[in-house]
J.: 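Have a look at this one.
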2 protein chains.
Amino acid sequence: MIAVSEKNAPSTKNCPHNAAINCASCRLSAICLPLALAQDEIVQLDEIVQRGRPLQKGQHLYREGDTFTSIYAVRSGSVKAYSVSDSGEEQVTGFYLPGEILGMDGIGHNRYASSAVAMEVAAICEIPFANIEDLSGKLPNMQKHFFKLLSQEIVEDQQHITLVSKHTAEERIASLLVSISARNARRNLSPLSFRLPMSRTDIGNFLGLTIETVSRVFSRFAKQGLLEIDKKEVTVLDIDTLKRVASLGH
Amino acid sequence: MIAVSEKNAPSTKNCPHNAAINCASCRLSAICLPLALAQDEIVQLDEIVQRGRPLQKGQHLYREGDTFTSIYAVRSGSVKAYSVSDSGEEQVTGFYLPGEILGMDGIGHNRYASSAVAMEVAAICEIPFANIEDLSGKLPNMQKHFFKLLSQEIVEDQQHITLVSKHTAEERIASLLVSISARNARRNLSPLSFRLPMSRTDIGNFLGLTIETVSRVFSRFAKQGLLEIDKKEVTVLDIDTLKRVASLGH
DNA sequence: TAACGGGTTTGATCTACGTCAACTAGTGAA
DNA sequence: TTCACTAGTTGACGTAGATCAAACCCGTTA
């Protein structure tokens, strides 16, 4: 909500984080919401999308318990979602990169079930959910796409359950690296050389490991020649082995 | 698909598993799909619901990879869903009791992402998804309800991730027991005395534990006077402590 | 220049749970 | 009755990863 309420503020038009004026011309259109829509339908989507000024690192997009109003698409930068359980411990529930949608956990109870915070400067598109519901009633493509999106998130979460409940530390971390690599490839970025936007603490929390274990596994992978890692900068040297480790049962 | 294709076979009309002829008169209507619909809308839902002959224990409702056609509501008995990863190991993804909906993981890619098998004799309602999409386009209540259902499953899966990645064996098992107890209460069954429909193996798999650990924790809970357990028959003696253990951070 | 603080790495030790193995209790077949 | 088979329990022991503890790195501030 914060910092994304104003539409198309003139002063931000030339900022790289605001390059897209509309969905049709957005370079992410092939992987983001427009993906499933026809040309004329994208225009209708475009009318309900609100583009705000970029979030700074550490700024929240929404907080757990806030009244649910909108879902969000990442346009640039990256966002992490996390929830805090009754017992007070934090659980990182996801990392969101450009073209990815977050906030859908709020639909079920009209309150966000998690908080979302920028891990670096990030530009976000806000899409009010009431408008999505309207549009979904009119455009079968839109309805179908949202059913699919939600369902896919269920499947991904279930795969993540398998990952954290049945796989070793090495498999979990290889899996995360392969996932980020593939998501970069989708955006035509290098799948072998990239910067991890999240801290070791976030990685550990997301994967159900301690920060020390994360650090040790990175070191071990480097020693084995699978990758080079300098702080957050990763260069994958042997993606095939990494993929094998990632999908190894044990 | 198997065994649920024929509609209202006359021979099953008097079977207890076929007590409901329609959604409006079904004793689960308050917790199942009709929950969100108006009287006249339930009639429309009713027209697309297919009620089949009961599944026997061990029979599959659908299998991972099958073309997605329908979602299912449990009318009696119980069903477990599980998926098999590339690496071959099984992951139990959920247990479904009367009034609960399964199969929604198939929407995303037009194939079921898991298999569903009856854990005991079970009556199932099949609802073709194409009809749900049609109806959702016409009835905003229906669309809204399905968005909510899907979103709630996301939130539950994320809570399950927290459970298996951050909680001890005792907390996980207490949590499962409290969940089953609450779901029984919703159906006006005793929350303190019930039969677990699933095996120790299934419980362990679902919670990311071995069968031995499950067994030991049950024994420990019994020794501490929290419950009595005889094979699958559970009597909860101290639900408050059990709930405390279930939501304990550590 | 030093002092500070957050994020990260590395080593030493501990522990919850997994693994392996033996045993019990049903259940059903012949 | 015995045999076989499956599900569950219990005990002894091993281990992956947690915990505890130092130290390091690198901006920032004083």
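Numbered from 1 within each chain, the chains take letters A, B, ... in sequence-line order. These values consider heavy atoms only, across backbone and side chains, with no hydrogens, waters or symmetry-generated copies.
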J.: Write down the distance between CD1 (A:I173) and C1' (C:dT8), rounded to a whole number of angstrom.
T.: 13 Å

J.: Going by side-chain contact (heavy atoms from CB on, under 4.5 Å), B:R172 matches just one of B:L209, B:V245, B:L177. Which one?
T.: B:L209

J.: How would you list, by chain and number, every residue that makes a ring-ring contact (aromatic ring centres under 6.0 Å, His included) with B:F68, sequence neighbours excluded?
T.: B:Y112, B:F129

J.: Mind listing the residues from residues 210-236 of chain A sitting with a heavy atom below 4.0 Å of DNA chain C? Number order is fine.
T.: A:E212, A:S215, A:R216, A:S219, A:K232

J.: Applying side chain to side chain contact (heavy atoms under 4.5 Å, CB included), can you list everything that pairs with A:Q158, at least two apart in sequence or on another chain?
T.: A:I154, B:T93, B:D105, B:E153, B:D157

J.: Report the residues that fulfil side chain to side chain contact (heavy atoms under 4.5 Å, CB included) with B:A118, sequence neighbours left out, ordered by chain and then residue number.
T.: B:L55, B:A122

J.: Taking only residues at least two apart or on different chains, which pairs with a member in residues 185-196 of chain B satisfy salt bridge (Lys or Arg N to Asp or Glu O under 4.0 Å)?
T.: none

J.: Could you tell me how far apart B:K166 (NZ) and C:dA16 (P) are, to the nearest whole angstrom?
T.: 18 Å

J.: Answer with base, sugar-phosphate or nothing: what part of the nucleic acid does B:G204 contact at a heavy-atom distance below 4.0 Å?
T.: nothing

J.: Whole angstrom is fine here: how far is it from CG in A:L196 over to C1' in C:dG7?
T.: 14 Å

J.: State which residues pass ring-ring contact (aromatic ring centres under 6.0 Å, His included) with A:F206; sequence neighbours excluded, sorted by chain then number.
T.: A:F95, A:H160

J.: Atom CZ of A:R200 to atom C1' of C:dT10: distance rounded to whole Å?
T.: 14 Å

J.: Output the rounded distance in Å from CD (A:E120) to P (C:dG7).
T.: 16 Å

J.: What is the distance, to the nearest angstrom, from the NZ atom on B:K57 to the C1' atom on C:dT27?
T.: 12 Å

J.: Given the ring of A:F221, does A:K223 sit roughly above its face, with NZ or CZ under 6.0 Å from the centre of the six-membered ring and within 45° of the axis?
T.: no

J.: In whole Å, what is the span from the CD1 atom of A:I203 to the P atom of D:dG17?
T.: 16 Å

J.: Note the angle between the end axes of the helix from C:dT1-D:dA30 to C:dA30-D:dT1, five pairs defining each, rounded to 10 degrees.
T.: 20°

J.: Rounded to whole Å, please give me the gap between CG in A:D202 and C1' in C:dG6.
T.: 14 Å

J.: Test: ring-ring contact (aromatic ring centres under 6.0 Å, His included). Region: residues 178-204 of chain A. Which pairs qualify, not counting sequence neighbours?
T.: none

J.: Who pairs with B:P191 by side chain to side chain contact (heavy atoms under 4.5 Å, CB included), at least two apart in sequence or on another chain?
T.: B:S181, B:A185

